[in-house]
Structure formats: structure tokens, C-alpha cells
2 protein chains.
Amino acid sequence: MDISRHDIHSCDIPSLCKSCEVRHKGMCGALNPDELTLLSRHTRQIEHPSGEELVGESTRVEAYDNLMRGVVKLSKTLEDGRQQIVGLQFAPDLVGRLYAGESPMTAEAASDVEVCRVPRATLERLIERNPALRKRLMDQSLRELDEARDWMVTLGRKTAAEKVASLLLLIASHLDPEAAGERRIFDLPMSRLDMADYLGLTIETVSRQFSRLKKDGIITITANRHIEVLSLAKLQARCG
Amino acid sequence: MDISRHDIHSCDIPSLCKSCEVRHKGMCGALNPDELTLLSRHTRQIEHPSGEELVGESTRVEAYDNLMRGVVKLSKTLEDGRQQIVGLQFAPDLVGRLYAGESPMTAEAASDVEVCRVPRATLERLIERNPALRKRLMDQSLRELDEARDWMVTLGRKTAAEKVASLLLLIASHLDPEAAGERRIFDLPMSRLDMADYLGLTIETVSRQFSRLKKDGIITITANRHIEVLSLAKLQARCG
DNA sequence: GGGCGACCTTGATCAAGATCAATTTTGCCA
DNA sequence: TGGCAAAATTGATCTTGATCAAGGTCGCCC
């Protein structure tokens, strides 16, 4: 794990700093120079390999993680080990349940991930002082709530085929958002098991649905993770 | 529908006023006298019979509803009519998706319901001015997000028996929260169809699970809606 | 380049819950 | 109080997705 001082001039915390790459979605411009200085003093840039845990379920929350690159999965586990993924986060989301003493879930790197870690107190102080930052975080929370409720429909009322199509569409829209037309190309940021745990299915069922999408000419798969969507319209039609 | 001027002295908007019945959970004390006067001028108290819609899916949001009595269900519907309930709201929640032009879901009275309706602009102006109110609404949003993610585990990974037990426990904790010991007594605020739509099941499956809980001596049911939980511990043990 | 382990696919069978089809119960109103 | 429609229960059967069981593929490290 690479931990280095955070330099304000080469700042790449997408959600909190000015010179970020993903300016259009992040918190850039929300902070004034003083606030940026304060932030840069307390922030550390950290890399996590795929599979590494950022925050454990029911553990104390000491810091928030600003997601710069990669995909983070949020999951919950029943006592007997059954697991459900309850959300995916993409850059430039803030990872971590605001204001909670204990994290209600596990946050884990789904792919290799780069974050900027901000101590809890630092961020919460900034939120107090900065209305723009506050509004951004409120908007992120409300958006996550919308997404969670959308996914409840998927979990409760869709068939296995519709579930897998919905997930592919969700991932495509985050990882290849600019693309026009019918095609989308991307690498799945998660294993079949993760997908099953997100969809409330087994890996076998997920695999069979992938095979069906392939057979029906809607996608091609190479090397397990590389997906090409040939007909976005047909994929959408399978989402229910 | 009974619409009457809202009188500040007999104010009973639990979440926004001072003399509310559910002081411990609401927004009482968040507003100063000026703000209360502003609010009282624009607020209307409204009663909705069970089944009546407060806000429709994909319709323009013109006002928020402060829930004073009863239970509101939030639902989403797929094109072919499949329905999923994505949340329940109890007094003194604020009903309505903050800051959205269009409501992402339907809000409907599950039982008979009393609300205070606040125009969108009025509440949003108050939020700007009042940090305590702002924090309360942020906390409600974050709590709803936690609840939605908890429910995703129920929808994705629990069996029918565990789902029904989880719902009974959820309702018991809201409708008979003070009770000590092993017993809880309450009236279900929703039909078997609503419960099925919340759990991602059919009414037949819900009914069979109720019969099983009865047979196993965990609950008694009278008149379809009146529930007595005989052993809270056994009910909890069935939640997974 | 070969070998090993993790991950994925495919097939056969099983079971939980859906569907279809009657009854029964409840609430309501005349 | 009786009658009726809506809601709930119960039973028989079917279907979807889970489970069990082999193989196959991929990626990585020596």
C-alpha cells in the first residue's frame, strides 16, 4: 500500500480538489484556497489492490475515502455467511457512511483502486463550513438512495435474465459512458461471484445467463472479463 | 379530503413544529418563531384515506408531506405492471424526494394518513436558513439509505420464511416500539398484497408463511390484520 | 512453456416459491 | 341480519433458479 503526502499542486482528489481529472462530476470548485490547504495537510493517497478491504462492517469509521480510480463494492453479510452486495461506487464518489460511528457495511476494492483518505473530523469540519461541499454530499446521498431503491426492484421483481442484463447496462453506463450508438466495450470490474452477490443469484445462474446473451448475439465475451455489447437496444429490452 | 388552515397554536406537524406529540423523533426546536410563522402560512393539513396517492411516479414534485399519523408506502412499477414497494415511512418522516424535479416513485397512503403539506420552495428556503433542520433531513436521508440497503439483503438473500419474519419485526418495532418483554401487539398497516410487493413474493406465499408462524405458536392473527407476537425471540431467530 | 489453482462453464437433478384453481373468511352496506 | 364483493387461505401442479457434480479455461509463477 503506497502512502504518500498529498501535494496540493498535483492534487488528484477528484471530489474535493480543483485540478482533478473528472472535474465535471466531482466537488471541484467547492473549496477555497484555505480549505484546500487544510485538506491537503490531512489527506493521504492510498492504492488498494482488488479484494482489499477499505472499511469493515461494524467497525469504527475513522476516515472517508475519496474514490479516484476503480470500483468499490459495498456489501453486507448474514451470520451464516450469505452475502449481498448493496452498492457499487465509481470515481468520484465519497466512500464511507457520513456521521456514523460504525460502518453499516463492508467497503472493498472490486478492482484495483486509488483513493484519497480524509480523516473523519477534517471532512466533517469542512462540510460545516462549506455549503457547496455540503450540497454535493447531500446530492450523492440522495442519488445513492435512488439507486438502492431502483436495485430493490431488480432484486425483488426481475427474472435472472433481466437481472444480468440490468447489471451489464449499469456497468456499461459507468465504464463506457461517452460511447454513442449501439456498442459498448468495457472490462467487468468484478467476478461472477460478485455479480451473483449483487443480483441475489448463484454463479451458475449468472454464467448461464451470460451464455444465453452470447448465443443470442447481444454480447461477446473474451477472456472472461472483456465485454462487447453488440446491441444496446436488445440489452435494454431484456431489463424488464 | 379535509383541507384546513394550519394554526400555529394548535400546531401538530410533528417534524417541523414545537408542540408536537412525537417530540423525541421530530424536528421540534429546529425552527425559530419567525420561521414557524412563515411555515404556518404555507402549510395545509390534509387527510388521506388508505389507498390514496400522495405523489405519483414520474410526476412533478410541488410539495413535501410531513407525515403525522399513519403509514406511507413508496413503490415503483415496471412497464408490465410488476410492482415493488421500496420503502415504508412512519410519522414523523418527511415524504418526498428532496430537490428532485420528478418523483422517482409513487407515495401512497398504506393506512389512513394525516400529513402537513409544505410547498417545495418554502421547505427548501427553510433548509437553506436553518442548520438544525438541514441536519435532520440529512440524517433522515442517510437512515433511509441504510434501511434500503438492509432491505436489499432481505430481498436478495433471505428465504420466504425469513422475509415475512423480517417484515413483522420491522412493523412491530415501529408500531409498538415501547413494549418490553417478548410480546408485541399491533395492527398490520397493509394488505397481504402490499406485504408481497414489499418482500418480492406472491400473496399465496405470504399467506402460507403466516399460517406457519401461527402453527408454530410464534404469532396469533385475528381479523386478518391484528397481530400478536407471542415470542419475539423466536421471531427474531427466523430473520436470518 | 508447463503446471497449478482460481475461476468459469455446462449438465443433471432438486426444491422453493410461482401459478392455477377452488374455498373460506371478512368487512361492509342495504 | 343477510348478502355480496374483496381479501385471504389452502391445495395441486408447474417453473425457475439452486444445488450437486464434472470438466474446461485462464492467468500467473517458476
Side-chain angles (χ1 to χ4, degrees), chain A residues 49-52 73 78 80-85 110-112 154-168 187-216 219-227 238 240, chain B residues 49-51 73 78 80-84 110-112 154-168 187-216 219-227 238 240:
Chain A
S50 169
E52 200 165 271
K73 63 181 201 214
L78 295 172
D80 63 3
R82 282 174 285 175
Q83 203 180 43
Q84 176 67 43
I85 294 181
S111 61
D112 290 348
T154 299
L155 288 172
R157 289 296 181 211
K158 291 190 185 176
T159 64
E162 291 168 335
K163 285 180 175 183
V164 171
S166 301
L167 180 55
L168 280 180
D187 285 302
L188 290 172
M190 61 204 313
S191 67
R192 298 288 187 273
L193 180 59
D194 282 341
M195 289 190 274
D197 283 345
Y198 197 23
L199 295 168
L201 298 171
T202 60
I203 50 173
E204 293 93 333
T205 299
V206 172
S207 181
R208 280 183 244 275
Q209 293 304 329
F210 267 97
S211 300
R212 198 147 86 78
L213 286 167
K214 216 164 40 177
K215 183 169 68 65
D216 294 352
I219 62 171
T220 63
I221 311 176
T222 44
N224 282 342
R225 295 285 189 108
H226 188 76
I227 302 285
R238 290 217 175 180
Chain B
S50 169
K73 64 181 203 215
L78 296 172
D80 63 3
R82 281 175 285 174
Q83 202 180 44
Q84 176 68 42
S111 61
D112 289 348
T154 299
L155 287 172
R157 287 297 179 211
K158 291 190 185 175
T159 64
E162 292 168 334
K163 284 179 176 182
V164 171
S166 302
L167 180 55
L168 280 179
D187 285 302
L188 290 172
M190 61 204 315
S191 66
R192 298 288 187 274
L193 180 59
D194 283 341
M195 290 190 274
D197 283 344
Y198 197 23
L199 295 168
L201 299 171
T202 59
I203 49 173
E204 292 93 334
T205 299
V206 172
S207 181
R208 281 184 242 273
Q209 294 304 329
F210 268 97
S211 300
R212 198 148 87 78
L213 287 168
K214 216 163 41 178
K215 182 168 71 66
D216 294 353
I219 61 171
T220 62
I221 310 176
T222 43
N224 282 343
R225 295 284 189 108
H226 188 76
I227 302 284
R238 290 216 176 181

J.: First contact, last contact: which nucleotides of DNA chain D are these for chain B, 5' to 3', heavy-atom distance under 4.0 Å?
T.: D/dA8 to D/dA12
J.: Going by the rule side chain to side chain donor-acceptor pair (under 3.5 Å), which residues pair with B/Ser211 if we only count those two or more places apart in sequence or in a different chain?
T.: none
J.: Who passes side chain to side chain donor-acceptor pair (under 3.5 Å) against A/Ser166, sequence neighbours left out?
T.: A/Lys158
J.: Pairs of donor and acceptor atoms involving the side chains of residues 188-196 of chain B, under 3.5 Å and at least two apart or interchain, shall be tabulated with distances.
T.:
unit_1   : atom_1 : unit_2   : atom_2 : d
B/Ser191 : OG     : B/Leu193 : N      : 3.4
B/Ser191 : OG     : B/Asp194 : N      : 3.2
B/Arg192 : NH1    : B/Asn224 : O      : 3.2
B/Arg192 : NH2    : B/Asn224 : O      : 3.0
B/Asp194 : OD1    : B/Lys73  : NZ     : 2.8
B/Asp194 : OD2    : B/Lys73  : NZ     : 3.3

J.: Find out whether A/Thr154 and B/Gln84 are in side-chain contact, i.e. whether some heavy atom of one side chain is under 4.5 Å from a heavy atom of the other.
T.: no
J.: Could you pull out all residues at least two apart from A/Asp216 that satisfy side chain to side chain donor-acceptor pair (under 3.5 Å)?
T.: A/Arg238
J.: Which heavy atom of A/Ser50 sits nearest a heavy atom of A/Ala110, and at what distance?
T.: OG-O, 3.0 Å
J.: Compute the angle between the rotation axes at the two ends of the helix from C/dG1-D/dC30 to C/dA30-D/dT1, each taken over five pairs, rounded to 10 degrees.
T.: 40°
J.: Can you give me the closest heavy-atom contact between A/Tyr198 and A/Leu155, atom names plus distance?
T.: O-CD2, 3.5 Å
J.: Considering residues at least two apart in sequence or located in another chain, which fulfil the side-chain contact (heavy atoms from CB on, under 4.5 Å) criterion with A/Thr220?
T.: A/Glu228, A/Leu230
J.: Check residues 200-208 of chain A and write down every donor-acceptor pair under 3.5 Å in which the side-chain atom is one partner and the other belongs to a residue at least two apart or another chain.
T.:
unit_1   : atom_1 : unit_2   : atom_2 : d
A/Thr202 : OG1    : A/Thr205 : N      : 3.4
A/Thr202 : OG1    : A/Thr205 : OG1    : 3.1

J.: Return a single string for nucleotides 15-30 of chain C, one symbol per nucleotide in 5' to 3' order, where B is base contact, S is sugar-phosphate-only contact and - is none, cutoff 4.0 angstrom on heavy atoms.
T.: --SSBB-----SS---
J.: Check A/Gly240 against B/Arg82 and note the closest heavy-atom contact, atom names and distance.
T.: CA-NH2, 4.0 Å
J.: Tell me every residue that passes side chain to side chain donor-acceptor pair (under 3.5 Å) with A/Gln83, counting only those two or more places apart in sequence or in another chain.
T.: none
J.: Output the residues of residues 187-198 of chain B in contact with DNA chain C, where contact means a heavy atom of the residue under 4.0 Å from an atom of the strand; sort by number or write none.
T.: none
J.: Minimum heavy-atom separation for A/Arg157 and B/Asp197, please, with both atom names.
T.: NH2-OD1, 2.9 Å
J.: Whole Å only: how far is the CD1 atom of A/Ile221 from the P atom of C/dT9?
T.: 6 Å
